[in-house]
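Counting convention: from 1, in listed order, for ligands and their atoms alike.
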Amino acid sequence: MMSQFPVKKKKQQQRLRLPGPPAPLAHPVRFPKVVLCLVEKRMGATRKAFLTTLARQRGFCVEDANSDRVTHVVSEGNSGDEVVEWLLKNGSRGIDVLGGCPALLNTSWFTESMSAGRPAEIEPRHRLQVAAHAETLEARCQVPVYACQRRTLLAHRNQTLTEVLQTMAEEAHFCGSEARSLAFSRAASVLKSLPWTVRRVQELRSLPCLGEHSRRIIQEVLEDGASAEVERVKHSERYQAMKVFTKIFGVGVKTASRWYQEGLRTLADLQAHRAKLSKEQEFGLLHYDDLNTPVERSDAEAISQVVRDAVGQCLPGASVTLAGGFRRGKQTGHDVDLLLTHPTEGQEVGLLKKVISWLDKQGFLLYHSSRRNTFQAFEDPELWSRSSASGMDHFERCLSIFRLRLPGGVQISAGAQKPGGAVTGSGVSSFWKAVRVDLVVTPFSQFPFALLGWTGSKNFERDLRRYSKHEKKMALNNHVLYHLEQKIFLTAASEEEIFQHLDLEYIPPEERNS
Ligand code: UTP
Ligand code: MN
(Lines give C-alpha, C1' and ligand atoms only; values in the text may rest on other atoms or scores of the structure.)
(Ligands and ions follow the chains in the order given, each with its own letter.)
Protein backbone atom coordinates (compact mmCIF):
# COMPACT_ATOMS: atom_id res chain seq x y z
CA MET A 1 0.00 0.00 0.00
CA MET A 2 2.80 2.39 0.94
CA SER A 3 4.52 1.76 -2.35
CA GLN A 4 2.98 4.86 -3.85
CA PHE A 5 5.13 6.94 -1.49
CA PRO A 6 8.91 6.73 -1.35
CA VAL A 7 10.31 5.13 1.78
CA LYS A 8 13.41 6.28 3.61
CA LYS A 9 15.73 4.00 1.60
CA LYS A 10 14.97 5.92 -1.55
CA LYS A 11 16.34 9.13 -0.12
CA GLN A 12 18.41 10.00 -3.16
CA GLN A 13 15.51 9.73 -5.55
CA GLN A 14 13.29 11.65 -3.23
CA ARG A 15 15.66 14.59 -3.05
CA LEU A 16 15.60 14.90 -6.79
CA ARG A 17 11.85 14.91 -6.89
CA LEU A 18 11.25 17.37 -4.09
CA PRO A 19 11.49 21.04 -4.96
CA GLY A 20 11.17 21.86 -1.21
CA PRO A 21 7.96 22.28 0.77
CA PRO A 22 5.62 25.03 -0.39
CA ALA A 23 4.40 27.64 2.06
CA PRO A 24 2.04 25.98 4.55
CA LEU A 25 -0.89 28.17 3.53
CA ALA A 26 -0.56 27.43 -0.19
CA HIS A 27 -3.43 24.91 -0.03
CA PRO A 28 -6.85 25.51 1.45
CA VAL A 29 -7.67 23.45 4.55
CA ARG A 30 -10.50 21.07 3.71
CA PHE A 31 -10.69 19.17 7.02
CA PRO A 32 -10.38 21.73 9.80
CA LYS A 33 -11.29 19.20 12.50
CA VAL A 34 -8.37 16.92 11.64
CA VAL A 35 -4.88 18.14 12.57
CA LEU A 36 -2.03 15.78 11.76
CA CYS A 37 1.34 15.49 13.41
CA LEU A 38 4.00 13.36 11.71
CA VAL A 39 6.52 11.67 13.97
CA GLU A 40 9.98 12.38 12.60
CA LYS A 41 11.67 9.61 14.59
CA ARG A 42 12.44 6.70 12.19
CA MET A 43 10.54 8.52 9.40
CA GLY A 44 13.36 11.00 8.91
CA ALA A 45 13.15 14.72 8.14
CA THR A 46 13.07 14.39 4.35
CA ARG A 47 10.28 11.87 4.20
CA LYS A 48 8.37 13.79 6.83
CA ALA A 49 8.64 16.93 4.67
CA PHE A 50 7.43 14.97 1.66
CA LEU A 51 4.42 13.49 3.47
CA THR A 52 3.63 16.88 4.99
CA THR A 53 3.50 18.47 1.55
CA LEU A 54 1.37 15.66 0.23
CA ALA A 55 -1.12 15.92 3.09
CA ARG A 56 -1.36 19.69 2.72
CA GLN A 57 -1.93 19.40 -1.00
CA ARG A 58 -4.93 17.21 -0.20
CA GLY A 59 -6.35 19.77 2.21
CA PHE A 60 -5.08 18.34 5.51
CA CYS A 61 -3.73 20.50 8.28
CA VAL A 62 -0.29 19.45 9.60
CA GLU A 63 1.26 20.87 12.76
CA ASP A 64 4.16 20.22 15.14
CA ALA A 65 4.05 18.02 18.24
CA ASN A 66 3.80 21.03 20.54
CA SER A 67 0.52 22.21 19.02
CA ASP A 68 -2.52 21.75 21.24
CA ARG A 69 -4.65 21.24 18.13
CA VAL A 70 -3.18 17.92 17.01
CA THR A 71 -5.83 15.19 16.69
CA HIS A 72 -4.02 12.48 14.65
CA VAL A 73 -0.39 11.45 15.24
CA VAL A 74 1.08 9.41 12.40
CA SER A 75 4.23 7.37 12.89
CA GLU A 76 6.24 4.90 10.86
CA GLY A 77 8.16 2.09 12.52
CA ASN A 78 7.73 3.21 16.14
CA SER A 79 5.90 1.49 18.98
CA GLY A 80 3.08 3.36 20.71
CA ASP A 81 5.30 3.92 23.73
CA GLU A 82 8.03 5.34 21.57
CA VAL A 83 5.56 7.74 19.98
CA VAL A 84 4.34 8.90 23.39
CA GLU A 85 7.91 9.48 24.51
CA TRP A 86 8.75 11.34 21.28
CA LEU A 87 5.67 13.54 21.64
CA LEU A 88 6.54 14.46 25.22
CA LYS A 89 10.12 15.18 24.26
CA ASN A 90 8.95 17.42 21.44
CA GLY A 91 6.81 19.62 23.59
CA SER A 92 3.41 17.93 23.47
CA ARG A 93 1.45 18.83 26.57
CA GLY A 94 -1.82 17.14 25.93
CA ILE A 95 -1.75 13.40 25.59
CA ASP A 96 -4.57 11.29 26.91
CA VAL A 97 -3.46 7.81 25.99
CA LEU A 98 -6.38 5.94 27.49
CA GLY A 99 -8.82 8.45 26.10
CA GLY A 100 -7.22 8.05 22.64
CA CYS A 101 -6.57 11.75 22.29
CA PRO A 102 -4.76 12.45 20.07
CA ALA A 103 -5.10 9.20 18.13
CA LEU A 104 -1.74 7.41 17.75
CA LEU A 105 -1.74 5.85 14.28
CA ASN A 106 0.51 3.91 11.95
CA THR A 107 1.03 4.97 8.34
CA SER A 108 -1.70 2.67 7.03
CA TRP A 109 -4.24 5.25 8.18
CA PHE A 110 -2.27 8.00 6.44
CA THR A 111 -1.96 6.06 3.18
CA GLU A 112 -5.65 5.22 3.09
CA SER A 113 -6.60 8.79 3.85
CA MET A 114 -4.38 10.16 1.09
CA SER A 115 -5.75 7.66 -1.41
CA ALA A 116 -9.32 8.47 -0.46
CA GLY A 117 -8.63 12.21 -0.46
CA ARG A 118 -10.28 12.57 2.95
CA PRO A 119 -9.61 11.39 6.53
CA ALA A 120 -10.20 7.63 6.79
CA GLU A 121 -12.36 6.28 9.60
CA ILE A 122 -10.00 5.15 12.39
CA GLU A 123 -10.12 1.38 12.85
CA PRO A 124 -8.39 -0.71 15.53
CA ARG A 125 -5.79 -1.92 12.99
CA HIS A 126 -4.68 1.68 12.46
CA ARG A 127 -3.96 2.30 16.11
CA LEU A 128 -0.60 1.86 17.82
CA GLN A 129 -0.64 -0.13 21.01
CA VAL A 130 0.57 1.67 24.10
CA ALA A 131 1.78 -1.10 26.41
CA ALA A 132 1.83 0.40 29.84
CA HIS A 133 -0.72 3.15 29.24
CA ALA A 134 -0.68 6.09 31.60
CA GLU A 135 1.70 4.41 33.99
CA THR A 136 4.42 4.50 31.35
CA LEU A 137 3.69 8.14 30.84
CA GLU A 138 3.84 8.76 34.52
CA ALA A 139 7.21 7.04 34.81
CA ARG A 140 8.64 9.02 31.91
CA CYS A 141 7.11 12.30 32.79
CA GLN A 142 9.29 13.66 35.55
CA VAL A 143 7.13 16.25 37.27
CA PRO A 144 9.34 18.81 39.03
CA VAL A 145 8.65 19.56 42.67
CA TYR A 146 8.39 23.35 42.33
CA ALA A 147 5.48 24.91 40.41
CA CYS A 148 7.88 27.47 38.92
CA GLN A 149 9.63 24.61 37.08
CA ARG A 150 6.41 23.38 35.52
CA ARG A 151 4.42 24.71 32.58
CA THR A 152 0.78 24.91 33.51
CA LEU A 153 -1.81 26.08 31.02
CA LEU A 154 -5.22 27.36 32.01
CA ALA A 155 -7.01 24.45 30.37
CA HIS A 156 -5.86 21.17 31.87
CA ARG A 157 -7.01 17.55 31.93
CA ASN A 158 -7.88 16.90 35.55
CA GLN A 159 -10.57 19.45 36.35
CA THR A 160 -12.76 17.21 38.52
CA LEU A 161 -9.86 16.14 40.70
CA THR A 162 -8.37 19.61 41.11
CA GLU A 163 -11.76 21.03 42.07
CA VAL A 164 -12.23 18.62 44.97
CA LEU A 165 -8.66 19.16 46.15
CA GLN A 166 -9.18 22.93 46.02
CA THR A 167 -12.36 22.60 48.07
CA MET A 168 -10.33 20.72 50.69
CA ALA A 169 -7.62 23.40 50.57
CA GLU A 170 -10.24 26.10 51.08
CA GLU A 171 -11.83 24.23 53.97
CA ALA A 172 -8.44 23.82 55.68
CA HIS A 173 -7.80 27.54 55.15
CA PHE A 174 -11.18 28.32 56.77
CA CYS A 175 -10.03 26.27 59.76
CA GLY A 176 -6.73 28.14 60.00
CA SER A 177 -4.80 24.97 59.08
CA GLU A 178 -2.44 26.61 56.62
CA ALA A 179 -0.06 23.65 56.26
CA ARG A 180 -2.94 21.32 55.40
CA SER A 181 -4.38 23.88 53.00
CA LEU A 182 -1.02 24.21 51.27
CA ALA A 183 -0.69 20.45 50.91
CA PHE A 184 -4.04 20.23 49.08
CA SER A 185 -3.20 23.26 46.90
CA ARG A 186 0.13 21.74 45.90
CA ALA A 187 -1.49 18.42 45.05
CA ALA A 188 -4.04 20.21 42.85
CA SER A 189 -1.27 22.22 41.21
CA VAL A 190 0.67 19.07 40.26
CA LEU A 191 -2.43 17.54 38.67
CA LYS A 192 -2.96 20.72 36.64
CA SER A 193 0.44 20.27 35.02
CA LEU A 194 -0.03 16.64 33.91
CA PRO A 195 -0.17 15.93 30.17
CA TRP A 196 -2.75 13.17 30.69
CA THR A 197 -6.05 12.59 32.44
CA VAL A 198 -5.62 10.56 35.61
CA ARG A 199 -7.93 7.55 35.62
CA ARG A 200 -6.31 5.22 38.16
CA VAL A 201 -4.69 6.05 41.47
CA GLN A 202 -1.63 3.97 40.47
CA GLU A 203 -0.79 6.68 37.96
CA LEU A 204 0.09 9.00 40.84
CA ARG A 205 2.84 6.80 42.23
CA SER A 206 5.87 8.86 41.36
CA LEU A 207 4.30 12.31 41.42
CA PRO A 208 5.56 14.87 43.93
CA CYS A 209 3.41 16.77 46.45
CA LEU A 210 0.65 14.16 46.63
CA GLY A 211 0.18 13.30 50.27
CA GLU A 212 -1.75 10.40 51.67
CA HIS A 213 -4.89 12.41 52.29
CA SER A 214 -4.95 13.82 48.74
CA ARG A 215 -4.40 10.35 47.27
CA ARG A 216 -7.24 8.95 49.35
CA ILE A 217 -9.63 11.61 48.10
CA ILE A 218 -8.49 11.19 44.50
CA GLN A 219 -9.03 7.43 44.77
CA GLU A 220 -12.55 7.92 46.11
CA VAL A 221 -13.42 10.28 43.26
CA LEU A 222 -11.93 7.98 40.62
CA GLU A 223 -13.67 4.90 41.95
CA ASP A 224 -17.00 6.25 43.18
CA GLY A 225 -17.35 9.47 41.21
CA ALA A 226 -17.30 11.55 44.40
CA SER A 227 -15.60 11.72 47.78
CA ALA A 228 -17.81 11.37 50.85
CA GLU A 229 -15.47 13.61 52.81
CA VAL A 230 -15.55 16.41 50.22
CA GLU A 231 -19.34 16.18 49.96
CA ARG A 232 -19.59 16.46 53.74
CA VAL A 233 -17.40 19.56 53.70
CA LYS A 234 -19.35 21.19 50.88
CA HIS A 235 -22.65 20.69 52.68
CA SER A 236 -21.43 21.65 56.13
CA GLU A 237 -23.00 24.72 57.67
CA ARG A 238 -19.62 26.15 58.65
CA TYR A 239 -18.03 25.81 55.21
CA GLN A 240 -21.04 27.42 53.54
CA ALA A 241 -21.22 30.33 55.98
CA MET A 242 -17.45 30.89 55.79
CA LYS A 243 -17.68 30.97 52.03
CA VAL A 244 -20.43 33.59 52.06
CA PHE A 245 -18.56 35.77 54.58
CA THR A 246 -15.07 35.58 53.06
CA LYS A 247 -16.53 36.63 49.72
CA ILE A 248 -17.18 40.06 51.25
CA PHE A 249 -14.44 42.54 50.28
CA GLY A 250 -12.35 43.23 53.39
CA VAL A 251 -13.34 40.08 55.27
CA GLY A 252 -10.69 37.46 56.03
CA VAL A 253 -10.87 34.08 57.72
CA LYS A 254 -10.45 35.54 61.21
CA THR A 255 -13.43 37.87 60.97
CA ALA A 256 -15.58 35.28 59.25
CA SER A 257 -14.78 32.71 61.96
CA ARG A 258 -15.67 35.15 64.69
CA TRP A 259 -19.02 35.92 63.08
CA TYR A 260 -19.72 32.21 62.73
CA GLN A 261 -18.91 31.64 66.39
CA GLU A 262 -21.27 34.47 67.29
CA GLY A 263 -24.02 32.55 65.55
CA LEU A 264 -24.19 34.54 62.31
CA ARG A 265 -24.76 32.50 59.16
CA THR A 266 -26.04 34.67 56.32
CA LEU A 267 -25.67 38.14 54.83
CA ALA A 268 -29.07 38.98 56.30
CA ASP A 269 -27.71 38.12 59.76
CA LEU A 270 -24.83 40.50 59.09
CA GLN A 271 -27.09 43.30 57.90
CA ALA A 272 -28.75 43.19 61.27
CA HIS A 273 -25.33 43.60 62.93
CA ARG A 274 -24.12 46.54 60.85
CA ALA A 275 -22.14 47.97 63.76
CA LYS A 276 -19.60 45.19 63.43
CA LEU A 277 -18.51 46.22 59.95
CA SER A 278 -15.45 48.26 58.98
CA LYS A 279 -15.87 50.89 56.27
CA GLU A 280 -14.31 48.54 53.71
CA GLN A 281 -16.61 45.70 54.71
CA GLU A 282 -19.65 47.93 54.54
CA PHE A 283 -18.83 48.71 50.92
CA GLY A 284 -18.13 45.03 50.38
CA LEU A 285 -21.58 44.15 51.62
CA LEU A 286 -23.25 46.97 49.70
CA HIS A 287 -21.77 45.75 46.41
CA TYR A 288 -21.71 42.05 47.30
CA ASP A 289 -23.44 40.77 44.16
CA ASP A 290 -21.44 42.90 41.74
CA LEU A 291 -18.13 42.07 43.42
CA ASN A 292 -18.91 38.36 43.26
CA THR A 293 -19.88 38.47 39.61
CA PRO A 294 -16.83 37.48 37.54
CA VAL A 295 -15.01 40.43 36.01
CA GLU A 296 -14.90 39.92 32.25
CA ARG A 297 -11.73 40.51 30.25
CA SER A 298 -13.52 43.33 28.40
CA ASP A 299 -14.30 44.98 31.79
CA ALA A 300 -10.63 44.65 32.77
CA GLU A 301 -9.54 46.21 29.49
CA ALA A 302 -12.05 49.07 29.78
CA ILE A 303 -10.81 49.83 33.30
CA SER A 304 -7.15 49.61 32.20
CA GLN A 305 -7.96 52.19 29.54
CA VAL A 306 -9.63 54.55 32.02
CA VAL A 307 -6.60 54.30 34.30
CA ARG A 308 -4.30 54.80 31.32
CA ASP A 309 -6.19 58.00 30.47
CA ALA A 310 -5.90 59.17 34.07
CA VAL A 311 -2.18 58.36 34.23
CA GLY A 312 -1.61 60.05 30.86
CA GLN A 313 -3.18 63.23 32.23
CA CYS A 314 -1.19 63.15 35.46
CA LEU A 315 2.23 61.99 34.31
CA PRO A 316 2.95 61.65 30.59
CA GLY A 317 5.26 58.74 29.85
CA ALA A 318 4.04 56.64 32.79
CA SER A 319 2.75 53.15 31.96
CA VAL A 320 -0.15 50.99 33.13
CA THR A 321 0.18 47.19 32.97
CA LEU A 322 -2.59 44.66 33.48
CA ALA A 323 -1.25 41.87 35.72
CA GLY A 324 -2.93 39.09 37.76
CA GLY A 325 -5.00 36.32 36.21
CA PHE A 326 -5.82 38.34 33.08
CA ARG A 327 -2.12 38.48 32.20
CA ARG A 328 -2.07 34.68 32.50
CA GLY A 329 -4.79 34.51 29.86
CA LYS A 330 -7.86 34.09 32.08
CA GLN A 331 -11.12 35.30 30.51
CA THR A 332 -12.59 36.27 33.90
CA GLY A 333 -11.24 37.24 37.30
CA HIS A 334 -12.28 38.47 40.72
CA ASP A 335 -10.53 41.81 40.39
CA VAL A 336 -8.30 43.93 38.15
CA ASP A 337 -4.63 44.23 39.10
CA LEU A 338 -2.84 47.22 37.55
CA LEU A 339 0.82 48.19 37.89
CA LEU A 340 1.88 51.81 37.38
CA THR A 341 5.44 52.93 36.75
CA HIS A 342 7.54 55.57 34.96
CA PRO A 343 10.85 54.91 33.15
CA THR A 344 12.54 57.70 35.07
CA GLU A 345 12.84 56.42 38.62
CA GLY A 346 11.46 58.90 41.11
CA GLN A 347 8.89 60.35 38.71
CA GLU A 348 6.32 57.89 40.03
CA VAL A 349 6.33 59.56 43.45
CA GLY A 350 3.08 61.44 43.95
CA LEU A 351 1.47 59.87 40.88
CA LEU A 352 -1.10 57.75 42.72
CA LYS A 353 -2.62 60.67 44.59
CA LYS A 354 -3.17 62.57 41.36
CA VAL A 355 -4.59 59.54 39.57
CA ILE A 356 -7.04 58.83 42.37
CA SER A 357 -8.15 62.41 42.48
CA TRP A 358 -8.68 62.43 38.68
CA LEU A 359 -10.65 59.17 38.79
CA ASP A 360 -12.70 60.37 41.73
CA LYS A 361 -13.59 63.66 40.04
CA GLN A 362 -14.75 61.76 36.96
CA GLY A 363 -16.99 59.62 39.15
CA PHE A 364 -15.13 56.35 38.66
CA LEU A 365 -14.54 55.50 42.30
CA LEU A 366 -17.14 54.08 44.67
CA TYR A 367 -14.54 53.40 47.34
CA HIS A 368 -10.80 53.72 47.72
CA SER A 369 -8.19 53.37 50.40
CA SER A 370 -4.50 54.01 49.87
CA ARG A 371 -1.34 52.86 51.51
CA ARG A 372 1.98 54.61 51.15
CA ASN A 373 5.24 52.94 50.12
CA THR A 374 6.92 51.36 53.15
CA PHE A 375 9.75 49.53 51.40
CA GLN A 376 13.17 50.10 52.89
CA ALA A 377 15.25 47.55 51.04
CA PHE A 378 18.66 48.87 51.60
CA GLU A 379 18.30 49.43 55.31
CA ASP A 380 18.07 45.81 56.31
CA PRO A 381 17.77 43.17 53.58
CA GLU A 382 17.88 40.37 56.16
CA LEU A 383 14.77 41.68 57.81
CA TRP A 384 12.49 41.50 54.78
CA SER A 385 14.13 38.37 53.37
CA ARG A 386 12.87 36.56 56.44
CA SER A 387 9.35 37.80 55.83
CA SER A 388 9.42 37.34 52.05
CA ALA A 389 7.48 34.07 52.24
CA SER A 390 4.19 35.88 52.85
CA GLY A 391 4.06 37.54 49.43
CA MET A 392 2.91 40.83 50.92
CA ASP A 393 4.73 43.77 49.49
CA HIS A 394 5.39 47.38 50.45
CA PHE A 395 4.45 49.32 47.35
CA GLU A 396 2.32 52.40 47.41
CA ARG A 397 -1.07 51.03 46.59
CA CYS A 398 -4.75 51.80 46.27
CA LEU A 399 -7.49 49.28 46.97
CA SER A 400 -10.58 50.50 45.20
CA ILE A 401 -14.05 49.70 44.00
CA PHE A 402 -14.57 51.05 40.51
CA ARG A 403 -17.86 52.23 39.12
CA LEU A 404 -17.65 50.70 35.66
CA ARG A 405 -20.09 52.16 33.15
CA LEU A 406 -21.72 49.45 31.09
CA PRO A 407 -22.33 50.02 27.41
CA GLY A 408 -25.99 50.79 26.78
CA GLY A 409 -27.39 50.01 30.22
CA VAL A 410 -26.96 46.26 30.29
CA GLN A 411 -29.33 44.37 32.59
CA ILE A 412 -27.55 43.07 35.63
CA SER A 413 -28.83 41.75 38.91
CA ALA A 414 -27.08 43.98 41.36
CA GLY A 415 -29.40 43.29 44.28
CA ALA A 416 -27.88 46.15 46.23
CA GLN A 417 -28.72 49.73 46.82
CA LYS A 418 -26.51 51.74 44.55
CA PRO A 419 -25.55 55.07 46.06
CA GLY A 420 -26.93 57.99 44.12
CA GLY A 421 -29.30 55.78 42.19
CA ALA A 422 -32.38 53.69 42.61
CA VAL A 423 -32.52 50.47 44.55
CA THR A 424 -31.71 47.78 42.04
CA GLY A 425 -32.97 44.28 42.45
CA SER A 426 -32.78 41.27 40.24
CA GLY A 427 -33.50 42.17 36.65
CA VAL A 428 -33.65 45.92 37.23
CA SER A 429 -31.72 47.79 34.61
CA SER A 430 -28.44 49.23 35.79
CA PHE A 431 -25.92 51.30 33.88
CA TRP A 432 -22.85 50.44 35.85
CA LYS A 433 -21.33 47.74 37.98
CA ALA A 434 -18.90 47.69 40.87
CA VAL A 435 -15.48 46.13 40.19
CA ARG A 436 -12.54 45.61 42.58
CA VAL A 437 -9.40 47.28 41.25
CA ASP A 438 -5.91 47.32 42.78
CA LEU A 439 -3.53 50.07 41.67
CA VAL A 440 0.10 49.42 42.55
CA VAL A 441 2.88 51.95 41.96
CA THR A 442 6.38 50.61 41.44
CA PRO A 443 9.72 52.37 41.03
CA PHE A 444 11.06 51.44 37.58
CA SER A 445 14.00 49.33 38.82
CA GLN A 446 11.60 47.15 40.83
CA PHE A 447 9.02 46.83 38.06
CA PRO A 448 10.11 43.39 36.70
CA PHE A 449 9.94 41.96 40.23
CA ALA A 450 6.54 43.54 40.82
CA LEU A 451 5.25 42.26 37.46
CA LEU A 452 6.48 38.75 38.19
CA GLY A 453 4.96 38.87 41.68
CA TRP A 454 1.60 40.32 40.63
CA THR A 455 1.10 38.00 37.68
CA GLY A 456 0.69 34.91 39.88
CA SER A 457 -0.64 32.34 40.16
CA LYS A 458 -0.34 32.18 43.92
CA ASN A 459 1.03 28.64 43.74
CA PHE A 460 3.57 29.75 41.15
CA GLU A 461 4.69 32.73 43.25
CA ARG A 462 4.94 30.77 46.46
CA ASP A 463 7.11 28.16 44.80
CA LEU A 464 9.29 30.78 43.09
CA ARG A 465 10.15 32.20 46.49
CA ARG A 466 10.61 28.77 48.05
CA TYR A 467 12.80 27.62 45.15
CA SER A 468 14.90 30.80 45.32
CA LYS A 469 15.52 30.36 49.01
CA HIS A 470 16.12 26.62 49.22
CA GLU A 471 17.73 25.89 45.87
CA LYS A 472 19.56 29.16 45.18
CA LYS A 473 20.11 30.77 48.59
CA MET A 474 18.39 33.89 47.29
CA ALA A 475 15.49 35.87 48.66
CA LEU A 476 12.94 36.91 46.04
CA ASN A 477 10.05 39.25 46.68
CA ASN A 478 7.99 41.74 44.68
CA HIS A 479 10.75 44.37 45.03
CA VAL A 480 14.15 42.71 44.62
CA LEU A 481 16.25 39.55 44.37
CA TYR A 482 18.92 39.28 47.03
CA HIS A 483 21.73 36.74 47.29
CA LEU A 484 21.77 35.69 50.92
CA GLU A 485 25.34 34.38 50.94
CA GLN A 486 27.04 36.84 48.61
CA LYS A 487 24.96 39.60 50.18
CA ILE A 488 24.29 41.37 46.91
CA PHE A 489 21.18 42.52 45.04
CA LEU A 490 20.72 41.01 41.58
CA THR A 491 19.18 43.55 39.26
CA ALA A 492 16.90 42.71 36.35
CA ALA A 493 15.41 44.67 33.47
CA SER A 494 12.81 42.01 32.63
CA GLU A 495 11.10 38.92 33.99
CA GLU A 496 13.35 36.83 31.71
CA GLU A 497 16.42 38.12 33.54
CA ILE A 498 14.97 37.14 36.90
CA PHE A 499 14.43 33.58 35.65
CA GLN A 500 18.04 33.63 34.38
CA HIS A 501 19.41 34.69 37.77
CA LEU A 502 17.53 31.77 39.28
CA ASP A 503 18.76 29.28 36.63
CA LEU A 504 15.15 28.61 35.72
CA GLU A 505 13.79 28.06 32.24
CA TYR A 506 11.61 31.06 31.35
CA ILE A 507 7.93 30.31 31.81
CA PRO A 508 5.60 32.77 30.02
CA PRO A 509 2.56 34.11 31.93
CA GLU A 510 0.08 31.80 30.13
CA GLU A 511 1.98 28.80 31.50
CA ARG A 512 2.00 30.03 35.12
CA ASN A 513 -1.53 28.82 35.88
CA SER A 514 -0.32 26.37 38.53
P1 UTP B 1 -5.10 37.99 42.83
O2 UTP B 1 -5.54 37.65 44.20
O3 UTP B 1 -5.83 39.09 42.16
O4 UTP B 1 -5.16 36.65 41.97
O5 UTP B 1 -3.56 38.31 42.90
P6 UTP B 1 -5.44 36.40 40.45
O7 UTP B 1 -4.52 35.32 40.07
O8 UTP B 1 -5.39 37.67 39.68
O9 UTP B 1 -6.87 35.80 40.48
P10 UTP B 1 -8.28 36.46 40.10
O11 UTP B 1 -8.44 36.12 38.65
O12 UTP B 1 -8.21 37.92 40.33
O13 UTP B 1 -9.26 35.76 40.96
C14 UTP B 1 -2.73 38.43 41.76
C15 UTP B 1 -1.31 38.15 42.12
O16 UTP B 1 -0.80 39.23 42.88
C17 UTP B 1 -0.13 38.75 44.00
C18 UTP B 1 -0.78 37.42 44.32
O19 UTP B 1 0.13 36.59 44.97
C20 UTP B 1 -1.16 36.91 42.97
O21 UTP B 1 -0.13 36.10 42.48
N22 UTP B 1 -0.29 39.69 45.13
C23 UTP B 1 -1.50 40.05 45.58
C24 UTP B 1 0.84 40.19 45.71
O25 UTP B 1 1.95 39.86 45.29
N26 UTP B 1 0.73 41.02 46.78
C27 UTP B 1 -0.46 41.39 47.28
O28 UTP B 1 -0.50 42.16 48.24
C29 UTP B 1 -1.61 40.90 46.65
MN1 MN C 1 -6.56 39.44 40.19
>> Both conditions, 6.0 Å and 45 degrees, for the charged tip of Arg238 above the ring of Tyr260: are they met here?
In response: yes
>> My understanding is that we take every heavy atom of each candidate and find the minimum distance to atom 29 (C) of ligand 1. Doing that for Phe326, Phe395, Trp454, which one comes out nearest?
In response: Trp454
> Parallel, tilted or perpendicular: which fits the ring planes of Trp358 and Phe364, with parallel below 30° and perpendicular above 60°?
Replying inline: parallel
>> Side chain, backbone, both or neither: which applies to Arg397 and ligand 1 if a contact is any heavy-atom pair less than 4.0 Å apart?
In response: side chain
> Where's the contact between Asn478 and ligand 1, heavy-atom distance under 4.0 Å: side chain, backbone, both or neither?
Replying inline: side chain
>> Under 4.0 Å from a heavy atom of Asp335: which atoms of ligand 1 are those, numbered in the order shown and with their elements?
In response: 3 (O), 12 (O)
>> What protein N/O/S atoms are there under 2.8 Å from the Mn ion (ligand 2), waters excluded?
In response: Asp335 OD1, Asp337 OD2
>> Counting only nitrogen or oxygen atoms and a 3.5 angstrom limit, does Thr455 reach ligand 1?
In response: no
> ring pair (Phe, Tyr, Trp, His ring centres under 6.0 Å) with Trp259: which residues, sequence neighbours excluded?
Replying inline: Phe245
>> I need the atoms of ligand 1 closer than 4.0 Å to a non-hydrogen atom of Arg328, numbered in the order shown.
In response: 7 (O)
>> Between ligand 1 and Arg462, can you find any atom pair, the residue atom being a heavy atom, that is separated by under 4.0 Å?
In response: no
> What are the atoms of ligand 1, with element, lying closer than 4.0 Å to any heavy atom of Gly324?
Replying inline: 8 (O)
> Step by step, would you call Val435 with Asp290 a side-chain contact (heavy atoms from CB on, under 4.5 Å)?
Replying inline: CA-CA 7 Å; Val435 178; Asp290 272 7; over 6 Å; no
> Does His334 approach ligand 1 within less than 4.0 angstrom via side chain, backbone, both or neither, non-hydrogen atoms only?
Replying inline: both
> Of all the atoms in ligand 1, which lie at a distance below 4.0 Å from a heavy atom belonging to Lys458?
Replying inline: 1 (P), 2 (O), 4 (O), 19 (O), 21 (O)
> Distance from Ser494 atom OG to Leu451 atom CG, nearest 0.5 Å?
Replying inline: 10.0 Å
>> Walk me through whether His479 and Phe375 qualify under ring pair (Phe, Tyr, Trp, His ring centres under 6.0 Å).
In response: CA-CA 8 Å; His479 302 268; Phe375 184 62; 3.7 Å; yes
>> Apply ring pair (Phe, Tyr, Trp, His ring centres under 6.0 Å) to residues His483 and Phe489 and explain how you reach the verdict.
In response: CA-CA 6 Å; His483 201 298; Phe489 288 95; over 10 Å; no
Quiz: residues 224-235 side-chain donor-acceptor pairs under 3.5 angstrom, not counting sequence neighbours:
from	atom 1	to	atom 2	distance (Å)
Ser227	OG	Glu220	OE1	3.2
Ser227	OG	Glu229	N	3.3
Ser227	OG	Val230	N	3.1
Glu229	OE1	His213	NE2	2.9
Glu229	OE2	His213	NE2	3.1
His235	ND1	Glu231	O	2.8

> Under 3.5 Å, side chain of Ser181 to main-chain N/O of Ser177, donor-acceptor pair present?
Replying inline: no
> Do ligand 1 and Gly325 have nitrogen or oxygen atoms that lie under 3.5 Å from each other?
Replying inline: yes
> Short list, please: which atoms of ligand 1 are under 4.0 Å from a heavy atom of Glu461?
Replying inline: 21 (O)
> Under 3.5 Å, is there a donor-acceptor pair between the side chain of Ser468 and the main chain of Leu464?
Replying inline: yes
> Taking atom CG of Leu270 and atom CD of Glu282, what is their separation to the nearest 0.5 Å?
Replying inline: 11.0 Å
>> Suppose I only count heavy atoms of Asp337 and a 4.0 Å limit; which atoms of ligand 1 are within that range?
In response: 3 (O), 8 (O), 14 (C)
> Given that the side chain starts at C-beta and the backbone is N, CA, C, O, which of these parts of Val295 lies under 4.0 Å from ligand 1, counting heavy atoms, or is it both or neither?
Replying inline: neither
>> With heavy-atom distances below 4.0 Å as the criterion, list the atoms of ligand 1 near Gly456.
In response: 21 (O)
>> Please check if the number of heavy atoms outside Arg372 that lie under 6.0 Å from its CZ is greater than 12.
In response: no
>> Checking Phe174 now: which residues fulfil ring pair (Phe, Tyr, Trp, His ring centres under 6.0 Å) with it, not counting sequence neighbours?
In response: Tyr239
